[in-house]
Amino acid sequence: MKQGLKSLGERARRPLVFDQNVKITQLGKLGRVEEAAKVFDRMPQHNTVSYNSMISAYAKNGRVSDARHLFDKIPSRNLVSWNTMIAGYLHNERVDKACELFDKMPHRDVFTWTLMITCYTRNGELEKARELFDLLPDRKNRACWNAMISGYVKKGRFEDARKLFDEMGDRDLVSWNSMLAGYTRNGKMCLGLRFFEEMGERDVVSWNVMVDGYVEVGDLDSAWQFFQRIPNPNIVSQVTMLCGFSRNGRIQDARRVFDQITNKNVVSWNAMLAAYVQSYQIDEAVRLFTQMPEKNAVSWTTMINGYVRVRKLNEANKLLDSMPYNNVGAQTAMISGYVQSERMDEARQIFNKIGTRDVVCWNTMIAGYTHCRRMDEALHLFRQMLQKNIVSWNTMIYGYAQAGRMDEARKIFEEMGEKNIVSWNTLISGFTQNGLYVDALGSFSLMAKDGKKPDQSTFVSGLSSCANLAALQVGKQLHQIVMKSGYTNDLFVSNALISVYAKCGRMLSARYVFNDVDSVDVISWNSLISGYAFNGYGEEAVKLLQEMTVKAITPDQVTFVGVLSACSHAGLIDQGLNLFRSMNEEFCIEPLPEHYACMVDLLGRAGRLEEAFKLVREMKIEANAGIWGALLSACRIHRNLELGCVAAEKLSKLEPCKTSNYVLLSNLHAEAGRWDEVESMRTLMREGGAEKQPGCSWIEDKNQLHVFLSDDGVQPQLPDISDTLNNLTAQMKTCSFMPETLHDYV
DNA sequence: CTAGGGTTAG
């Protein structure tokens, strides 16, 4: 009798437990985790499925530590419990924890394998994932294949994904959609469209992938057309389209899509909020933020970021203080706001308060210090980081490069493991910006050996190094690679190419590149003009200035430096004076010291020294070394000792260490026969701490760059070179080409 | 009850 009652009760209770387990699962999927927990707590009795359902509900809603806590309490765990917990870690970006559990599991099944393939690919360990995939027995199902294909797609290994897709026997819609995403993620929209049309069956995900692909490549018209053709668009379709409009500044259109969403969720609210934030409409953003029926961590982060963007840091901080929970994203946004305003102490205060910092947070703080040139503090933090990513390393390289500390930049670069294109570009442009052109070109070729293809940034750095070295052969080689890589239409690359040819005196080639650019800008014109100026084609440079004004391109300060120096080199005195006047009167450009230096040079070469001096005296700005230097060398040419002394006096204060100034003045004294002054110049030089900067030259031969420093003695062919030089000097003497007086201080 | 495809921020 007792026995019968018990079994009757059990039979009555079973469906109740079953129903409530289902309820927990449903609530979890709807994001109503609190209610799920209430149901779970009120249940008179739990079975393993109840535990598993609740673990899943926690994990799906970001509460991974609650999930783990429950997992540890299960009286009898089954395989599903383990799998659920691993999936929980995977979806909460804790791949390390997932792997830890995987290693401890007593048994594994096909669910476990599939989860682990995803774990490994997320971690970038594609080979490990593939190894596991290949080891799997015949029980391997479509989900395993799809996980592997999608892993390849997400890490940009399109070819591998396609190979697996072709090998796969019975593909389903998920396989097709994964592969379709492979096309659209790589911007291959034409091939993607063809693939889409080949699909026998499509669902709303297929359509959404297409819309997102068009949004990514900025083709909003196609995105919109596809969006409208979707048979049953869902909220993801709408949010994708909304973001497309928002990223292209079409806020009205974004709002229209948003208003059409009938079942708005927190993601769609966040997307609209981000749209206002990105277009700096902070008032609209605030209004939406207060209207939102539900907010999550993303909402708060977006709103704080909105205040940061419009530089309302106090408002941002107030909002951060009122945030009801910890959120590294929002705290990082705040740090980034302080960093942009160089308020490092306040940034550091926020940083110190954060309990668990993620990589982005550390990187933001380090970037702040590098931005403020506080490299030692940046390095200190960098060394404390336990989990660095490639951005952390690149930030350090960038910081040292900006601070002109290229030795340290190089050290960090060599210390890091896998480098990406940003790492290489940061190093190479660092070398270029710090005048280490040979190192820049050296790294350029090392990059190819590392298997990385140069992009616009690499080419610009490489080419501008060539321009500065006047390395024509290397420049031409880079030009070849530019054409092969398809960057001929890039404005920045083209401008750098123009500048290479211009600096190397190949004005025809420069012109050829210039003519090939679809729409040139003022920099293209400037490079061409200063090329003509530099190579002595004064009239050509002036003609170009007229041409560009006809084409309604407004010349800038750099244009006039080019044109005025062209006039000066070509002796176009009157034209130069007229242009100098028109620069201010017609084009409203205030003359810079560089322009005055050109004018002093122009008048000085023509022997109109008094006029030049008058111009300097009457300038509104302070004269710099370039201006006095131009005057001094003009005085040297025209032997005006008095004025020369005035210029030299100024220069000795502005550039006490520059030898060439002393040499000029000394030569001037020597020519006037004042040898006592020449002797006292030597003393002055030594006292002033002037040191002769070693002469430097270079030549290209057989694609090799040979650099010569005076007195370096390293050149193996030095005896030969000396012989040839002596020979040339002798020839010059017979042609009576020798300067009258030479004073050698070296 | 657990695995594979599409959306929001830093």
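Convention: sequence-line order gives letters A, B, ...; per-chain numbering from 1. Computation of the quantities below employed the complete heavy-atom set of this structure, encompassing side-chain atoms and omitting hydrogens, waters and symmetry-equivalent molecules.
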Participant: Just compare dA9(B), dG6(B), dA3(B) and give me whichever is closest to any side-chain atom of R185(A).
Facilitator: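 The answer is dG6(B).
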
Participant: Let me know the distance between CG of N146(A) and C1' of dG6(B), rounded to the nearest Å.
Facilitator: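 It is 14 Å, rounded to the nearest whole Å.
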
Participant: Mind checking S50(A) for me? I need base, sugar-phosphate or nothing, with any heavy atom below 4.0 Å counting as a touch.
Facilitator: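 The residue S50(A) makes no contact with any strand.
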
Participant: To the nearest Å, how far apart are I86(A) CD1 and dC1(B) P?
Facilitator: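 Rounding to the nearest Å, CD1 of I86(A) and P of dC1(B) are 19 Å apart.
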
Participant: Quick one: is dC1(B) close enough that its OP1 or OP2 comes under 4.0 Å of any side-chain N or O from Q26(A)?
Facilitator: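 So the side chain of Q26(A) is outside the cut-off, no N or O lying under 4.0 Å from OP1 or OP2 of dC1(B).
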
Participant: Examine W362(A) together with F382(A) and report whether their ring centres are nearer than 6.0 Å.
Facilitator: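 No: the rings miss the under 6.0 Å criterion.
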
Participant: Would you state whether a donor and an acceptor, one from the side chain of D358(A) and one from the base of dG10(B), lie under 3.5 Å apart?
Facilitator: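 Checked by distance alone, the answer is yes.
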
Participant: Applying side chain to side chain contact (heavy atoms under 4.5 Å, CB included), name anything that partners T370(A), two or more places apart in sequence or on another chain.
Facilitator: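 Testing T370(A) for side chain to side chain contact (heavy atoms under 4.5 Å, CB included), a comparison that skips the adjacent residues, returns I366(A), A367(A), M375(A), A378(A), T395(A).
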
Participant: Give a yes/no on whether any side-chain N or O of S150(A) is located under 4.0 angstrom from OP1 or OP2 of dG4(B).
Facilitator: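 It does not, given that no N or O in the side chain of S150(A) lies less than 4.0 Å from OP1 or OP2 of dG4(B).
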
Participant: Hey, are D19(A) and K23(A) close enough for a salt bridge, meaning a charged N less than 4.0 Å from a carboxylate O?
Facilitator: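 So D19(A) does not pair with K23(A) through a salt bridge.
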
Participant: If you only use heavy atoms from C-beta on, which nucleotide in dT2(B), dG10(B), dC1(B) is closest to the side chain of V49(A)?
Facilitator: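 Among the listed nucleotides, the one closest to the side chain of V49(A) is dC1(B).
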
Participant: Taking the six-membered ring for Trp, are the ring centroids of Y214(A) and W224(A) within less than 6.0 Å of each other?
Facilitator: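 That pair fails the under 6.0 Å test.
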
Participant: With nearest nucleotides of DNA chain B determined for S53(A) and T332(A) from heavy-atom distances, which residue corresponds to the more 5′ nucleotide?
Facilitator: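 Comparing both residues, the 5'-ward one is S53(A).
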
Participant: Looking for any heavy atom pair under 4.0 Å, which part of the strands does K23(A) touch: base, sugar-phosphate only, or nothing?
Facilitator: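 Nothing, no nucleic acid heavy atom in range.
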
Participant: Can a side chain N or O of H91(A) be found less than 4.0 Å away from OP1 or OP2 on dG4(B)?
Facilitator: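 Yes.
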
Participant: Kindly point out which of dG4(B), dT8(B), dC1(B) is positioned nearest to the side chain of V239(A)?
Facilitator: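 Comparing dG4(B), dT8(B), dC1(B) against the side chain of V239(A), the answer is dT8(B).
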
Participant: Assign C144(A) to base, sugar-phosphate, or nothing according to its heavy-atom contacts below 4.0 angstrom with the strands shown.
Facilitator: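 Nothing, no heavy atom under 4.0 Å.
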
Participant: Between N305(A) and dA9(B), is there a contact of a side-chain N or O with OP1 or OP2 at under 4.0 Å?
Facilitator: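 Negative; the distance criterion is not met.
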
Participant: Can you tell me if R247(A) touches the phosphate of dT8(B), counting only side-chain N or O atoms and a distance under 4.0 Å to OP1 or OP2?
Facilitator: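 Yes, R247(A) has a side-chain N/O under 4.0 Å of OP1/OP2 on dT8(B).
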
Participant: Take atom CG of L180(A) and atom P of dG6(B), then tell me their distance rounded to the nearest Å.
Facilitator: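 So the two atoms are 11 Å apart, to the nearest Å.
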
Participant: Only one of F195(A), Y183(A), F196(A), W145(A) passes ring-ring contact (aromatic ring centres under 6.0 Å, His included) with W176(A); say which it is.
Facilitator: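 Of the listed residues F195(A), Y183(A), F196(A), W145(A), the ring-ring contact (aromatic ring centres under 6.0 Å, His included) partner of W176(A) is F195(A).
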
Participant: What nucleotide, of dG6(B), dA3(B), dT8(B), holds the atom closest to the side chain of N270(A)?
Facilitator: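 Nearest to the side-chain atoms of N270(A), counting from C-beta on, is dT8(B).
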
Participant: Just checking K140(A): base, sugar-phosphate only, or nothing, at a heavy-atom cut-off of under 4.0 Å?
Facilitator: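 Answer is nothing: K140(A) stays at 4.0 Å or more from every strand.
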
Participant: For N296(A), answer base if it contacts any base atom (sugar-phosphate contacts may also be present), sugar-phosphate if it contacts only those atoms, and nothing otherwise; contact means non-hydrogen atoms under 4.0 Å.
Facilitator: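 Result for N296(A) = nothing.
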
Participant: Remember a base hit wins even if backbone is also touched, and classify V209(A) as base, sugar-phosphate or nothing at under 4.0 Å, heavy atoms.
Facilitator: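 If one applies the 4.0 Å heavy-atom cut-off, V209(A) turns out to touch the sugar-phosphate alone, with no base involved.
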
Participant: N141(A) has an atom CG; how far is it from atom C1' of dG4(B), in whole Å?
Facilitator: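 In whole Å, dG4(B) C1' lies 9 Å from N141(A) CG.
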
Participant: Rounding to an integer number of Å, can you tell me how far Y307(A) OH sits from dA9(B) C1'?
Facilitator: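 Between C1' of dA9(B) and OH of Y307(A): 17 Å.
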
Participant: Does D212(A) reach a base, just sugar-phosphate, or nothing at all? Heavy atoms under 4.0 Å.
Facilitator: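 If one applies the 4.0 Å heavy-atom cut-off, D212(A) turns out to touch the sugar-phosphate alone, with no base involved.
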
Participant: Hey, is R162(A) close enough to D166(A) for a salt bridge, meaning N to O under 4.0 Å?
Facilitator: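 Yes, this pair counts.
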
Participant: Name the nucleic acid region contacted by T84(A), choosing base, sugar-phosphate or nothing; use a 4.0 angstrom heavy-atom cut-off, strictly under.
Facilitator: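 Touches sugar-phosphate only.
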
Participant: If I take atom CG in residue N177(A) and atom P in nucleotide dG5(B), what distance separates them, rounded to the nearest angstrom?
Facilitator: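 To the nearest whole Å, that distance equals 11 Å.
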
Participant: Could you tell me how far apart M199(A) (CE) and dG6(B) (P) are, to the nearest whole angstrom?
Facilitator: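 Computing the M199(A):CE to dG6(B):P distance gives 13 Å.
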
Participant: Which nucleotide wins on minimum distance to the side chain of A271(A), given the candidates dT2(B), dG4(B), dT8(B)?
Facilitator: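 Nucleotide nearest to A271(A)'s side chain: dT8(B).
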
Participant: Please determine, for the side chain of V204(A), which listed nucleotide (dG10(B), dG6(B), dT2(B)) has the closest atom?
Facilitator: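 So the nucleotide nearest the side chain must be dG6(B).
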
Participant: Taking atom types as they are modelled, would you say the side chain of D203(A) forms a donor-acceptor pair with the base of dG5(B) within the 3.5 Å cutoff?
Facilitator: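 For D203(A), whose side chain was compared with the base of dG5(B), there is a donor-acceptor pair (under 3.5 Å).
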
Participant: Counting only side-chain heavy atoms from C-beta out, which of dA3(B), dG5(B), dG6(B) sits nearest to N208(A)?
Facilitator: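 Shortest atom-to-atom distance from the side chain points to dG6(B).
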
Participant: Between dC1(B) and K29(A), is there an OP1 or OP2 to side-chain N/O distance shorter than 4.0 Å?
Facilitator: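 The answer is no; no side-chain N or O of K29(A) sits under 4.0 Å from OP1 or OP2.
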
Participant: Among dT2(B), dG5(B), dA9(B), which nucleotide has an atom closest to any side-chain atom of T301(A)?
Facilitator: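 From the listed options, dA9(B) comes nearest.
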
Participant: What is the separation between atom CH2 on W176(A) and atom P on dG5(B), rounded to the nearest whole Å?
Facilitator: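 Value for this atom pair: 18 Å.
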
Participant: Inspect the contact between E125(A) and K128(A) and indicate whether a charged nitrogen and a carboxylate oxygen are less than 4.0 angstrom apart.
Facilitator: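 Here K128(A) pairs with E125(A) in a salt bridge, since their nearest N and O are under 4.0 Å apart.
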
